[in-house]
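Throughout, a chain's letter reflects where its sequence line sits, starting with A, and its residues are numbered from 1. Given the structure is predicted, the values throughout are model-derived calculations rather than measurements.
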2 protein chains.
Amino acid sequence: MKSNQSENNLPEPTKAELEILQILWEFGPSTVRFVNDKLNEQKEVIYTSTLKQMQILTEKGILKRDESQMKHIYIPVEAEEKTKVQLLDRFVTTLYKGSASQLMMQLLGNEKTSKAEIEEIKKLLNSMK
Amino acid sequence: MKSNQSENNLPEPTKAELEILQILWEFGPSTVRFVNDKLNEQKEVIYTSTLKQMQILTEKGILKRDESQMKHIYIPVEAEEKTKVQLLDRFVTTLYKGSASQLMMQLLGNEKTSKAEIEEIKKLLNSMK
DNA sequence: TGTTTCGTACGAAAACTATCGTACCTTTGG
DNA sequence: CCAAAGGTACGATAGTTTTCGTACGAAACA
């Protein structure tokens with residue numbers, strides 16, 4: 001078996017799992033069919049593959065589901081924010097030794113971060129003080 | 001759109017690969033022996049496992065090596081900054097649809113980001129305008 | 001009612017990642 | 001010269017993640 005994180009931390013979702021989570025976050029609780037259709041807008045996936053993934057996510061405790069209907073409805077256990085914060089935290093720790101400001105610097109230096117984004121960030125910060 | 005990184009993008013390093021990369025970033029070009037010793041300060045790893053990983057990293061084009069000596073010297077192909085920027089970019093794209101300011105908000109809201117860090121970030125931003 | 005359609009369950013193959021043992025070569029020192 | 005120490009190469013195994021085929025039940029409908 002595996003190191004099941006006892007306290008608060010759910011196991012890190014894998015890449016494929018994240019794709020599914022994002023759809024559920026965006027559109028709310030959904031059926032496998034719906035999620036699979038959305039996935040197929042990006043790339044071809046076979047229905048039962050998606051189904052299996054969502055079943056695994058449920059086993060892992062990342063999703064729960066309403067089985068009261070034939071078409072099960074899947075729901076993320078944790079809110080989008082919480083999960084993202086966890087992932088972000090792990091990311092900062094791993095790549096930046098926990099230094100958020102270091103990460104920031106890269107974000108600001110990154111050409112892909114637009115002027116508008118930078119303005120947005122400044123506003124944000126000023127509103128905080 | 002399945003951006004297979006034919007141009008500039010190297011394949012995403014795996015977790016174990018990242019650990020090795022970080023040692024090379026920190027200490028500069030190194031032998032397998034050196035990297036393995038560093039790794040073993042954190043956890044037990046057998047020499048040939050590290051060797052294999054570094055060989056794989058080389059195959060993938062993430063590392064290159066100087067074979068002119070018996071003890072090969074491994075060197076990251078891309079600079080630390082560049083690789084991190086790539087990873088960060090991917091992270092922002094995947095989780096925040098490319099919105100750096102959204103990521104920022106979470107960073108600032110995260111209790112693990114200390115007051116000092118936040119001050120640091122503010123200074124940074126002000127010095128930019 | 002029977003057949004087609006749409007759903008879930010589940011095992012197993014396929015693909016990737018990580019670990020390790022063994023073979024074999026080179027250098028070093030007695 | 002020989003053995004020990006320390007290198008690389010590489011195949012095999014283990015572990016995980018992802019994909020997919022098949023079985024089978026429920027609903028829809030001709």
For B:K60, side-chain hydrogen bond (donor to acceptor under 3.5 Å, both in side chains) partners two or more places apart: B:E17
Whether A:Y96 and A:F91 hold their rings parallel, tilted or perpendicular, with breakpoints at 30° and 60°: tilted
Side-chain donor or acceptor of B:K84 paired with backbone N/O of A:L95 under 3.5 Å: yes
N/O (side chain, A:R65) to phosphate O (OP1/OP2, C:dG7) under 4.0 Å: no
Side-chain (A:N40) to main-chain (A:N36) donor-acceptor, under 3.5 angstrom: yes
Atom-pair distance (CD1 on B:I56; C1' on C:dC20), nearest Å: 12 Å
If you restrict it to nitrogen or oxygen atoms, what contacts under 3.5 Å exist between nucleotides 25-30 of chain C and the protein, and what is each distance?
none

Side chain of B:H72 (C-beta onward), nearest among C:dG7, D:dT17, D:dA9: D:dA9
B:L87 reachable from B:L21 in the ILVMFWY side-chain graph, under 4.5 Å edges: yes
A:E78/A:T83 under side chain to side chain donor-acceptor pair (under 3.5 Å): CA gap, chis, key distance, verdict: CA-CA 6 Å; A:E78 300 291 359; A:T83 302; 6.0 Å; no
Nearest-0.5 Å distance, OH of residue A:Y74 to CG of residue A:L63: 8.0 Å
Shortest non-hydrogen separation from B:P11 to B:I62 and the atoms involved: O-CD1, 3.6 Å
Atom-pair distance (CG on B:L57; P on C:dA18), nearest Å: 9 Å
Flag if over 12 foreign heavy atoms under 6.0 Å of CD, A:E67: yes
Separation of D:dG6 C1' from B:Q69 CD (nearest whole Å): 15 Å
Interatomic distance where NZ belongs to B:K71 and P belongs to D:dT8 [whole Å]: 9 Å
Protein-nucleotide distance (B:E12, atom CD; D:dT17, atom P), rounded to Å: 15 Å
Proximity to DNA chain C (any heavy atom under 4.0 Å), residues of residues 24-55 of chain B only: B:I46, B:T48, B:S49, B:K52, B:Q53
Whole-Å gap separating C1' (C:dG7) and CG (A:D66): 15 Å
Atom-to-atom span, NZ of B:K15 to P of C:dA18 - whole angstrom: 9 Å
